[in-house]
S.K.: 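Okay, handing you the structure first.
Basis for what follows: all heavy atoms, side chains included, without hydrogens, waters or symmetry-related copies. Counting starts at 1 for both ligands and their atoms, in listed order.
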Amino acid sequence: MRRLNTQVVIIGAGPSGLLLSHLLSRRGVESVVLERRTREYVEQRVRAGLLEQGTVDLLRGAGLADRLDREGLVHEGFLLRFEGREYRLCFTDLTGWTTCMYGQQEVVKDLIKARETACGQLYFGVEDAAPLDIETDAPRVRCTMGGEAVEVVADFIAGCDGFHGICRPSIPSGALTTYEHAYPFAWLGILASVPPSTEELIYAVHERGFALHSMRTPAISRLYLQVGPRESLAEWPDERIWAELRTRFALDGREVLNEGPILSRGVTEMRSFVVEPMQYRRLFLVGDAAHIVPPSAAKGLNLAVADVQLLATAFTAWYANGSRELLDGYSRTALGAVWQGQEFSALMTSLLHRFPSEDDYMVRLRQARLRDLVTSRATATAFAENYVGLARARLAEAIDAPAVAPAFEQPDPPSETVTSLKTRVRDLDARGHAS
Ligand code: FAD
Ligand code: PHB
């Protein structure tokens, strides 16, 4: 059996595993990344697309944003359609922060290139990865590479292997508590070769169900439809998809949707899941391996990046001066952000979707909440702070504050733009039928 030695062995080359390896290498910590799929597969997998400003800043700070800065589409607001009207929520006016549309697979391509340039140890097509001896000081991952049995011995294992990975199930039953919730609907997502119909995202609340218009580039649109929980793609030929999108985005009978060839399609189940703690001895769970959210609020990738940032800092402190404080605190700190993301994702999901069991009373309540969002600056600001990730930055600062601290007086997040925002107040721009 071939043996490799490293400091951190990382299972999974999704955004979490690749970014962790990259950050560690910049801080002088060695890692080996083991990925089950091929490079082509992970580079083509269509998933997330909305990066919070904090995520972009982190990627930029890590030297990963050359192409992102050239090609990413910076957004300052989104459109919300309900009851036949369209409203614009300008989250940048409310928070000072922006978001950026840039496909997850592009982030993954940039990360793989960066690992290659740094001669990082990144292996694709790795089969049967099995974490072993995780309760000892020398955990191992046994696997098969190109038909050969290989054992990677390390100080730590990072489980960056997503929701269906091997790391979480390797932890003894009873050591983790699971919290989960399944929604009674799913998202049918398409990627279409057509310029986006608008510059900003459109969230459309319709009696037939929710629809989202998003984008990846000036030539590629990304659209989603709320569908039944176990919907088969066979029931959704192209014409039915476009007809349903046209209906849900219709505004006073106006045809507003650009249509074009569908490049890929898929059904995403809507589910929330968290395990606590996100660590068992020398095995740390990161990103989707520990928690998933329904895609409504676009938090999954951003929460994964937040975990990576914490864990990379904790490993660096361990190797720099033997300090285990940050490693011991990883799960607690990460879970604070995770539950905040869970809460906001659940809120957006309940606000935007038609629930099959919903009675007319519940529909009216949802409409009242939507009206409040577009008329109350306080509600819109709280919403926007979560949407752009500012609420998470504030929480991270608050966790370091004294145990007894006055509510609302946590320090501002480290951003010039947020401070300057306090002097910039503009009303929500509500657009009626005729505009
Ligand atoms: P993954 O991306 O799942 O990566 C895990 C990796 O581990 C994979 O490459 C997998 O092949 C590998 N692996 C698994 N098992 C093994 C094994 N046994 N051995 C070796 N390797 C293994 N998030 C957002 O922030 N914004 C959005 O707009 C958004 N939209 C989304 C839309 C859709 C349709 C979906 C499905 C998700 C969306 N998300 C979004 C969520 C986001 O894509 C995930 O949160 C993100 O991929 C998590 O990254 P990860 O690296 O933790 O896990
Ligand atoms: C996406 O582009 O995939 C996306 C954007 C915003 C969301 C969810 C998904 O709220």
S.K.: Answer yes when K109 and E106 have at least one side-chain N-carboxylate O distance shorter than 4.0 Å, and no when they do not.
M.R.: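 Result for this pair is yes, salt bridge flagged.
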S.K.: Looking at non-hydrogen atoms alone, which of P131, A48, S296, S16 comes nearest to atom 40 (C) of ligand 1?
M.R.: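 Ranked by closest heavy atom to atom 40 (C) of ligand 1, first place is A48.
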S.K.: Are any non-hydrogen side-chain atoms of P294 and M348 less than 4.5 angstrom apart?
M.R.: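 Side-chain contact under 4.5 Å: no.
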S.K.: Starting from atom 20 (C) of ligand 1, which protein heavy atom do you reach first, and at what distance in Å?
M.R.: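 Of the protein heavy atoms, R36 N, 3.3 Å lies nearest.
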S.K.: Relative to the heavy atoms of A298, which atoms of ligand 1 are at a distance of less than 4.0 Å?
M.R.: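 Listed by number with element: 24 (C), 25 (O), 26 (N), 27 (C), 28 (O).
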S.K.: Side chain, backbone, both or neither: which applies to S214 and ligand 1 if a contact is any heavy-atom pair less than 4.0 Å apart?
M.R.: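 No part of S214 is near ligand 1 at this cut-off.
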S.K.: Taking non-hydrogen atoms only, is R45 closer than 4.0 angstrom to ligand 1 via side chain, backbone, both or neither?
M.R.: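 Within the 4.0 Å criterion, R45 contacts ligand 1 through side-chain atoms alone.
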S.K.: Would a line drawn from the ring center of F185 to the ring center of H353 be shorter than 6.0 Å?
M.R.: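 Here the rings of H353 and F185 have centres that are less than 6.0 Å from each other.
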S.K.: Short list, please: which atoms of ligand 1 are under 4.0 Å from a heavy atom of G14?
M.R.: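 Those atoms are 4 (O), 6 (C), 9 (O), 51 (O).
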S.K.: Keeping to residues at least two apart or across chains, list the side-chain hydrogen bond (donor to acceptor under 3.5 Å, both in side chains) pairs with something in residues 158-172.
M.R.: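 For residues 158-172: none.
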S.K.: Identify the protein heavy atom lying closest to atom 18 (N) of ligand 1, giving its residue, its atom name and the separation to 0.1 Å.
M.R.: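 Minimum-distance protein heavy atom for atom 18 (N) of ligand 1 reads I166 CG2, 3.5 Å.
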S.K.: With a heavy-atom distance limit of 4.0 Å, tell me whether T268 approaches ligand 1 through its side chain, its backbone, both, or neither.
M.R.: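 Only the side chain of T268 comes within reach of ligand 1.
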S.K.: Mind checking whether M270 and Q226 have side chains closer than 4.5 Å, heavy atoms only?
M.R.: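 With C-beta onward as the side chain, the pair stays apart.
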S.K.: What protein heavy atom lies closest to atom 11 (O) of ligand 1? Include the residue and the distance to one decimal.
M.R.: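 Looking at atom 11 (O) of ligand 1, the protein heavy atom closest to it is E35 OE2, 2.6 Å.
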S.K.: Give the atoms of ligand 1, by number and element, whose distance to some non-hydrogen atom of Y224 is under 4.0 Å.
M.R.: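 The atoms of ligand 1 under 4.0 Å from a heavy atom of Y224 are 32 (C).
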S.K.: What do you reckon, does G49 put a non-hydrogen atom under 4.0 Å from ligand 1?
M.R.: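 Flag set, G49 near ligand 1.
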S.K.: Does ligand 1 have an atom under 4.0 Å from some heavy atom of L34?
M.R.: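 The answer is yes, since L34 has a heavy atom less than 4.0 Å from ligand 1.
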S.K.: Among protein heavy atoms, which sits nearest to atom 44 (C) of ligand 1, and what does the distance come to when rounded to 0.1 Å?
M.R.: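 Protein heavy atom with the smallest distance to atom 44 (C) of ligand 1: D288 OD2, 3.3 Å.
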S.K.: Heavy-atom contacts under 4.0 Å between R222 and ligand 1: side chain, backbone, both, or neither?
M.R.: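 For R222, only side-chain atoms sit under 4.0 Å from ligand 1.
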S.K.: F383 vs Y387 aromatic rings, parallel, tilted or perpendicular, using cut-offs 30° and 60°?
M.R.: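 F383 vs Y387 ring planes: parallel.
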S.K.: Between R265 and W236, is any pair of side-chain heavy atoms under 4.5 Å apart?
M.R.: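 Of all side-chain heavy-atom pairs linking W236 with R265, none is under 4.5 Å.
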S.K.: Report, in ascending order of atom number, the atoms of ligand 1 lying under 4.0 Å from any heavy atom of K299.
M.R.: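 Near K299, the atoms of ligand 1 are 24 (C), 25 (O).
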S.K.: Is the shortest side-chain N to carboxylate O distance from E239 to R246 below 4.0 Å?
M.R.: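 Here E239 pairs with R246 in a salt bridge, since their nearest N and O are under 4.0 Å apart.
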S.K.: CG of L79 to CD of E200: how many Å apart, nearest 0.5 Å?
M.R.: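 Taking CG in L79 and CD in E200, the distance rounds to 5.5 Å.
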S.K.: Quick one: OH on Y330 to CZ on F284, what's the gap to the nearest 0.5 Å?
M.R.: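 If we round to the nearest 0.5 Å, Y330:OH and F284:CZ are 8.5 Å apart.
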S.K.: Write out the residue and atom name of the closest protein heavy atom to atom 49 (O) of ligand 1, then the distance separating them to 0.1 Å.
M.R.: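 It is P15 CD, 3.6 Å.
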S.K.: Below 4.0 Å, non-hydrogen atoms only: which portion of Y123 touches ligand 1? Side chain, backbone, both or neither.
M.R.: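 Y123 to ligand 1: no contact under 4.0 Å from either part.
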S.K.: Might you point out which heavy atoms bring F124 and T38 nearest each other, and give the distance in Å?
M.R.: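 The answer is CD2-C, 3.8 Å.
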S.K.: Answer yes or no: is there an ion pair linking D372 with R369, defined by an N-O contact shorter than 4.0 Å?
M.R.: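 A salt bridge is absent here (no side-chain N lies under 4.0 Å from a carboxylate O).
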S.K.: Heavy-atom contacts with C160 under 4.0 Å: which atoms of ligand 1 show up? List them by number with element.
M.R.: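 Checking each atom against C160, I get 5 (C), 6 (C), 7 (O).
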S.K.: Please identify which atoms of ligand 1 are closer than 4.0 Å to at least one heavy atom of R37.
M.R.: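 Going through ligand 1 atom by atom, the ones under 4.0 Å from R37 are 11 (O).
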S.K.: What distance separates L245 CG from R248 CZ, expressed to the nearest 0.5 Å?
M.R.: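 Going from the CG atom of L245 to the CZ atom of R248 covers 7.5 Å.
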S.K.: Among all protein heavy atoms, pick out the one at the shortest distance from atom 19 (N) of ligand 1; state its residue, atom name and that distance to 0.1 Å.
M.R.: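 Result for atom 19 (N) of ligand 1: I11 CG2, 3.7 Å.
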S.K.: Could you work out, for atom 42 (C) of ligand 1, the closest of R47, Q104, H164 by heavy-atom distance?
M.R.: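 It is Q104 whose heavy atom sits nearest to atom 42 (C) of ligand 1.
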S.K.: Between R115 and S21, is the side chain to side chain donor-acceptor pair (under 3.5 Å) condition met? List the steps.
M.R.: CA-CA 8 Å; R115 296 309 304 124; S21 176; 2.9 Å; yes
S.K.: Side chains of T95 and E385 only: does a donor on one sit below 3.5 Å from an acceptor on the other?
M.R.: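 There is no such pair between these side chains.
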S.K.: As a test of reading the model: which N/O atoms of the protein lie under 3.5 Å from N/O atoms of ligand 2, and at what distance?
M.R.:
from: ligand 2; atom 1: 2 (O); to: S214; atom 2: OG; distance (Å): 2.6
from: ligand 2; atom 1: 2 (O); to: R216; atom 2: NH1; distance (Å): 2.8
from: ligand 2; atom 1: 2 (O); to: R216; atom 2: NH2; distance (Å): 3.3
from: ligand 2; atom 1: 3 (O); to: R216; atom 2: NH2; distance (Å): 2.8
from: ligand 2; atom 1: 3 (O); to: Y224; atom 2: OH; distance (Å): 2.6
from: ligand 2; atom 1: 10 (O); to: Y203; atom 2: OH; distance (Å): 2.7
from: ligand 2; atom 1: 10 (O); to: S296; atom 2: O; distance (Å): 2.6

S.K.: G287 heavy atoms, cut-off 4.0 Å: which ligand 1 atoms fall inside?
M.R.: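 The list of qualifying atoms is 52 (O).
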S.K.: Report yes or no: do T177 and E276 form a side-chain donor-acceptor pair below 3.5 Å?
M.R.: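 There is no such pair between these side chains.
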S.K.: Using heavy atoms and a threshold below 4.0 Å, how should the contact between L301 and ligand 1 be classified: side chain, backbone, both, or neither?
M.R.: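 Near ligand 1, L301 shows its backbone as well as its side chain.
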S.K.: In terms of atom number and element, which parts of ligand 1 are under 4.0 angstrom from non-hydrogen atoms of G162?
M.R.: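 Numbered from 1, ligand 1 contributes 3 (O), 5 (C), 53 (O).
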S.K.: Taking C-beta and beyond as the side chain, do P15 and V305 meet within less than 4.5 Å on heavy atoms?
M.R.: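 No. Closest side-chain heavy atoms not under 4.5 Å.
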S.K.: Any chance the rings of Y87 and F82 have centres within less than 6.0 Å?
M.R.: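 Under 6.0 Å, so yes.
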S.K.: Give the residue, atom name and distance (to 0.1 Å) of the protein heavy atom nearest atom 14 (C) of ligand 1.
M.R.: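 The protein heavy atom lying closest is D161 O, 3.1 Å.
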